[in-house]
Amino acid sequence: MPVLLRRLSGGLMAAALSAGPLNDASVRPAGMWMLICLLGTAAFCWAGGLALERRLPATPLPVVIGLFALTVAALFWLSNFSSATSATEFTRVHLAKIIARWPNSVVDFDAGTVIALHAGLGLALWITCDLTRDGVWMFLFAAVMCAAGAATALLAIAQNVTHATGIYWRTEGAMPGRFWGPFFHHTSAGAYLNTVWPLAAGFVLIATRPEFSRKAKRVVLISASVVLILLLGAHTTHISRFPQLAAAIVAPFLAFGLFRKNGFRLRPAALLIPVGVVAIAVCAGRTGEITRRWRLLDFAPDKAAHAIPPENTWPRLVRDDLLIPNIYDPGAWGDRGEAQRTALRAIAARPLEGHGPGNWSGAASRHSTDPYVRSFYLYLQFAHDDFLQTWTEWGAAGFVCMVILLPGSIIAVGRSEPFADGAVSILGLCAAAGLTMVLLQSLLDFPLQIPAIALNASVLAGLGWSTISHQRPLNS
């Protein structure tokens with residue numbers, strides 16, 4: 001029975017990793033609650049197996065501390081010790097108009113849903129950390145993430161080639177931004193790709209190890225290479241700069257770490273990978289748009305800005321696209337910098353308790369007077385810095401949880417001793433690389449606010465923490 005419950009738990013985790021991205025990245029209420037139910041049921045089965053085995057999960061102390069901080073933050077808000085910051089009248093009315101026009105481009109930030117989702121994410125990390133002490137589960141979770149990533153990339157490529165006007169070719173009306181695959185915004189798509197392509201690269205290298213049979217090597221090498229080509233090529237089919245830059249920064253370090261630690265030698269067939277990536281770029285890529293996007297970067301001195309009008313006049317300034325022009329902010333980093341400064345002001349106002357889970361719009365409405373930041377549909381939802389948004393919403397305990405569990409996992413991989421099982425060591429490094437790219441983007445964007453990406457990041461963190469568990473990964 002304990003073995004059956006453990007397998008059920010792992011199977012439900014695999015189902016969540018598959019459904020999370022393909023179900024519109026789980027940003028819609030139904031998709032988000034399906035993810036929550038899958039993770040909750042997986043946790044129930046896992047806990048039942050632990051009870052029957054009469055053992056505690058092998059959990060590194062920092063993970064215990066991080067999960068305890070998350071529990072404290074969640075219980076604080078569930079106990080109604082404080083009330084969430086209310087949004088201003090303009091923000092309430094304007095956000096309602098955006099939701100009415102573009103319901104599929106707005107994440108469900110109901111407080112109860114957000115708390116339930118983060119509880120599920122914390123449990124997913126914990127389950128992963130415990131189960132993947134056995135290398136079989138580490139390989140299974142990584143393989144499922146790669147397969148889901150390949151399916152997502154194929155969907156996006158097909159949509160590009162056919163010039164689809166909606167996700168899954170649906171006719172839901174115009175969207176306020178550029179969608180990619182099942183993601184309503186390109187920047188989220190790029191972040192998702194960065195969570196999976198290092199794992200595919202890891203499987204390519206694992207397939208060259210001597211302990212595999214010749215037939216197994218061929219199957220793993222071909223399938224992993226095809227997936228890696230798809231995932232890297234997919235980076236040319238979206239136009240978001242931050243995930244592309246994060247991949248360019250981290251990839252050389254990942255390659256150096258893998259080759260230094262494992263001593264792999266490149267073979268001539270490896271040239272097929274860049275050739276495949278170029279083929280995807282030619283057939284379905286958006287290289288012209290990507291080039292134009294990079295040329296839009298402007299580091300010129302800030303121009304003079306218009307005086308900010310009173311908030312009661314803002315409704316008359318809103319254009320037909322539900323946006324007030326960006327002509328009022330002269331500060332550093334423009335509107336993105338203003339959003340982050342808004343977060344800092346909100347944190348200074350309520351540093352311990354925060355403003356309420358999922359309540360960025362309420363906090364921002366009280367601590368920013370910039371009409372563009374207060375009217376643009378993305379700034380209404382996201383601070384464009386996941387660390388600052390977490391502190392703004394969840395308070396100090398939520399911020400501590402995030403810092404310990406996510407960056408801490410990368411440090412844990414870096415400090416772990418070489419394993420006898422080199423294949424597990426490879427996946428640990430690849431998980432750390434994927435998580436590093438997401439966290440780099442999180443400093444300027446909002447990848448961890450998208451449930452499917454947050455789940456992948458939680459599992460990557462669990463894979464990383466498992467490398468220092470008391471029991472080494474054994475099975476390959």
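Taking every heavy atom of both residues into account, P357 and V114 meet most closely at CB-CG1, 3.9 Å. Summarising the geometry of A156 relative to G181, their closest heavy-atom pair is CB-N, 3.7 Å, with the distance given to 0.1 Å. Nearest approach of F179 to A164, heavy atoms of both residues: CZ-O, 3.4 Å. Taking each heavy atom of P21 and P182 in turn, the nearest pair found is O-CG, 3.1 Å.
Scored by the ring pair (Phe, Tyr, Trp, His ring centres under 6.0 Å) test, W126 finds W46 as partners (sequence neighbours excluded). Checked against ring pair (Phe, Tyr, Trp, His ring centres under 6.0 Å), F399 has the following partners two or more places apart in sequence or in another chain: W391. With sequence neighbours left out, the ring pair (Phe, Tyr, Trp, His ring centres under 6.0 Å) criterion links F141 to W137. Every side chain to side chain contact (heavy atoms under 4.5 Å, CB included) that S458 has, sequence neighbours left out, goes to L121, L125. By the ring pair (Phe, Tyr, Trp, His ring centres under 6.0 Å) test, W394 is found to be paired with H118, residues two or more places apart in sequence or in another chain being considered. Under the rule for a side chain to side chain contact (heavy atoms under 4.5 Å, CB included), the partners of A224 that lie at least two apart in sequence or sit in another chain are F203, V204. Listed by chain and number, the residues in a side chain to side chain contact (heavy atoms under 4.5 Å, CB included) with I36 are M32, W33, T113, A116, L117 (sequence neighbours excluded). Residues forming a salt bridge (charged side-chain N to carboxylate O under 4.0 Å, His left out) with R366 (at least two apart in sequence, or on another chain): none. For the salt bridge (charged side-chain N to carboxylate O under 4.0 Å, His left out) test, residues two or more places apart in sequence or in another chain that qualify with R92 are E89.
V220 is not listed as a side-chain neighbour of I206, based on a closest heavy-atom distance of 4.5 Å or more. Counting heavy atoms from C-beta outward, R28 and V107 have side chains that stay 4.5 Å or more apart.
Relative orientation of the Y377 and W102 rings is tilted, given thresholds of 30° and 60° on the angle between their planes.
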Residues 427-440, side-chain donor-acceptor partners within the protein, below 3.5 Å, at least two apart:
unit_1 : atom_1 : unit_2 : atom_2 : d
T436   : OG1    : A432   : O      : 2.7

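Atoms CG and CG, on L39 and L455 in that order, are 5.5 Å from each other to the nearest 0.5 Å. To the nearest 0.5 Å, the span separating CG on L199 from CG on L231 amounts to 9.5 Å. Here the CD-OG distance, from Q389 to S442, works out to 10.5 Å after rounding to the nearest 0.5 Å. Of the inter-residue distances, the one linking L388 atom CG with T342 atom OG1 reads 10.5 Å to the nearest 0.5 angstrom. The distance from the CD1 atom of I347 to the OG1 atom of T392 is 4.0 Å, given to the nearest 0.5 Å. Put simply, CZ on R7 and SG on C45 are 13.5 Å apart, with the number rounded to the nearest 0.5 Å.
Note: H384 and Y379 meet the aromatic proximity criterion, with ring centroids under 6.0 Å apart. Taking the six-membered ring wherever Trp is involved, the centroid distance between the rings of H367 and H355 falls below 6.0 Å.
Put simply, the side chain of N359 never gets that close to the backbone of A111: no donor and acceptor are under 3.5 Å apart.
For the residue pair N194 and Q441, no side-chain donor N or O sits within less than 3.5 Å of a side-chain acceptor on the partner. Side-chain atoms of W169 and T162 form a donor-acceptor pair, as typed in the model, at a separation below 3.5 Å.
The residue from F382, F109, F242, F183 that alone fulfils the ring-ring contact (aromatic ring centres under 6.0 Å, His included) condition with F446 is F382.
The side chain to side chain donor-acceptor pair (under 3.5 Å) pairs that include a residue from residues 62-84 are S82-R350, where partners are two or more places apart or lie in different chains. Screening residues 50-69 for salt bridge (Lys or Arg N to Asp or Glu O under 4.0 Å) gives R6-E53, E53-R55, R55-D130 as the qualifying pairs, with residues at least two apart or on separate chains.
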